[in-house]
2 protein chains.
Amino acid sequence: MKARAAAAAARPAGDDGNRRGDILAAAGRLFREKGFKATTTRDIAAAVGMRSGSPFYHFKSKHDMLLAVMLDGIRTIHDSVEAAAAGIADPRQRFAVMARAHMQALLGPGGRDFAAAVLHETRALEPAAAAEVGARKGAYELLWSELLGELQAAGALRGDLALTRLLILGALNWTTQWWDPAGEAGPAAIADQLTLLVLGDLP
Amino acid sequence: MKARAAAAAARPAGDDGNRRGDILAAAGRLFREKGFKATTTRDIAAAVGMRSGSPFYHFKSKHDMLLAVMLDGIRTIHDSVEAAAAGIADPRQRFAVMARAHMQALLGPGGRDFAAAVLHETRALEPAAAAEVGARKGAYELLWSELLGELQAAGALRGDLALTRLLILGALNWTTQWWDPAGEAGPAAIADQLTLLVLGDLP
DNA sequence: CCTACCGATCGGTAGG
DNA sequence: CCTACCGATCGGTAGG
């Protein structure tokens, strides 16, 4: 503790000058653009103005960077969707609001790169990391399972709920493959179109 | 032509003993399981019982293998969905049939590995190959655009058609990320659930 | 956080 | 299709 305090003496506690955060942001962007395997730690270092060996002062390994990016991505989406849904009792209204929050976290400037890693790089994780990511994803998806259960009870949905959840989240998550930030449709418009498709109208 | 005929003299024309096809099948499976970048040409060679340099007797490069896998995947899906839709005038019935055909081509034993490459490895293509793949994907998606136009004219859909097509195909294509061949729901059941979600009932 | 470096791996090729 | 190999690249480390 003393030794570590000395190294960070010139800065407030818990703040490493944000170099760690810079690396994560660059890694997230590069992972999304080129994929985890095709991104080199040298790419990441160059993106933040470091030499090739320096990212390893902040992260034990490239896999550790990926895990950090993914956990950040899941937390952003979970927190933002949970906050948006809080206090909305009507399941149809909650669906519309949660779809919008999911899309804004998925495509918005803050979380886009992190979310993309969550959705497309699970394969690259080592077993222990995959288990942790899987558990956190499962916790988030519970929000949707509960909602869909209420919608079915209200007569707004038919059929298998687990399958329905996978199809709905699939439609939303697939947007990371085609969405263009310069295009006409923004996150909210996409979410609303999905709500229209699933519920028949906007609540 | 004469020179090529000599090399294949011992076999029927157009048949190279299926070694080329073996390589493509192994490459498709490995690309799906590990991704293009994480699959080595040595992995592919080993999977068909060859030495490391031998796949390059059949393909000019690893990128060429990927392109061949992807074009095969698009052709399989396009042909099979087009054949299934032929002669079905009612758009609601055609939707159900096309969704089933799409899912069977996407997850079935014949095309699963090839389709996964189409959906997840576009990033790895070189520009010229990406243009060709993009054009063929566009030709396939026209089948869906026409169908959705008819559905909207019949009052079964509302809102933006391009967005709706992307969401519907997204829901279907995302299945490659979670579908388990050993699970309960098969391709047809998944397709039917999507039809239920979009049309409100099964036509 | 940099310098200098290592061991391993990889796509691809020459020549047979 | 194999043998033998090359040049480049990559994740990671020691020492400062």
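All values below were derived from every heavy atom in this structure, side-chain atoms included, with hydrogens, water molecules and symmetry-related copies excluded. Chain naming here is simple, since letters A, B, ... match the order of the sequence lines and numbering starts at 1 in each.
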Asks: Please tabulate, for side-chain N and O atoms in residues 164-171 of chain B, each donor-acceptor pair with protein atoms closer than 3.5 Å (sequence neighbours left out).
Replies:
residue	atom	partner	partner atom	Å
B:T164	OG1	A:Q193	NE2	3.1
B:T164	OG1	B:D160	O	2.6
B:R165	NH1	B:S145	OG	3.2

Asks: Show the atom names and distances, to 0.1 Å, of all donor-acceptor pairs under 3.5 Å that link a side chain in residues 178-190 of chain B to residues at least two apart or in another chain.
Replies:
residue	atom	partner	partner atom	Å
B:W179	NE1	B:A185	O	2.9
B:D180	OD1	B:A182	N	2.9

Asks: Would you tabulate the side-chain donor-acceptor contacts of residues 119-128 of chain A under 3.5 Å, counting partners in other chains and residues two or more places apart, or write 'none'?
Replies:
residue	atom	partner	partner atom	Å
A:H120	NE2	A:T176	OG1	2.9
A:E121	OE2	A:F36	N	3.1
A:T122	OG1	A:V118	O	3.2
A:T122	OG1	A:K137	NZ	3.4
A:R123	NH1	B:R32	O	3.1
A:E126	OE2	A:H63	ND1	3.4

Asks: Short question: side chain of B:R136, backbone of B:L71 - any donor-acceptor pair under 3.5 Å?
Replies: no
Asks: Among residues at least two apart in sequence or on other chains, which ones pass side chain to side chain donor-acceptor pair (under 3.5 Å) with B:D90?
Replies: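 By the side chain to side chain donor-acceptor pair (under 3.5 Å) rule, B:D90 matches no residue at all.
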Asks: So, using salt bridge (charged side-chain N to carboxylate O under 4.0 Å, His left out) as the criterion, who are the partners of A:R75 when residues are at least two apart?
Replies: A:D72
Asks: Rounded to the Å, how far apart are A:Y57 OH and C:dC1 P?
Replies: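 Spelled out: OH on A:Y57 to P on C:dC1 is 7 Å.
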Asks: What pairs with B:D43 under salt bridge (charged side-chain N to carboxylate O under 4.0 Å, His left out), at least two apart in sequence or on another chain?
Replies: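 If we apply the salt bridge (charged side-chain N to carboxylate O under 4.0 Å, His left out) test to B:D43, skipping adjacent residues, the hits are B:K34.
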Asks: Can you build the contact string for nucleotides 10-16 of chain D? Use B for base contact, S for sugar-phosphate-only contact, and - for no protein heavy atom under 4.0 Å.
Replies: BBBB---
Asks: If a pair satisfies ring-ring contact (aromatic ring centres under 6.0 Å, His included) and one of its residues is in residues 80-101 of chain A, list it, with sequence neighbours excluded.
Replies: A:F95-A:W144
Asks: To the nearest 10°, let me know how far the axis at one end of the helix from C:dC1-D:dG16 to C:dG16-D:dC1 is tilted from the axis at the other, five pairs an end.
Replies: 0°
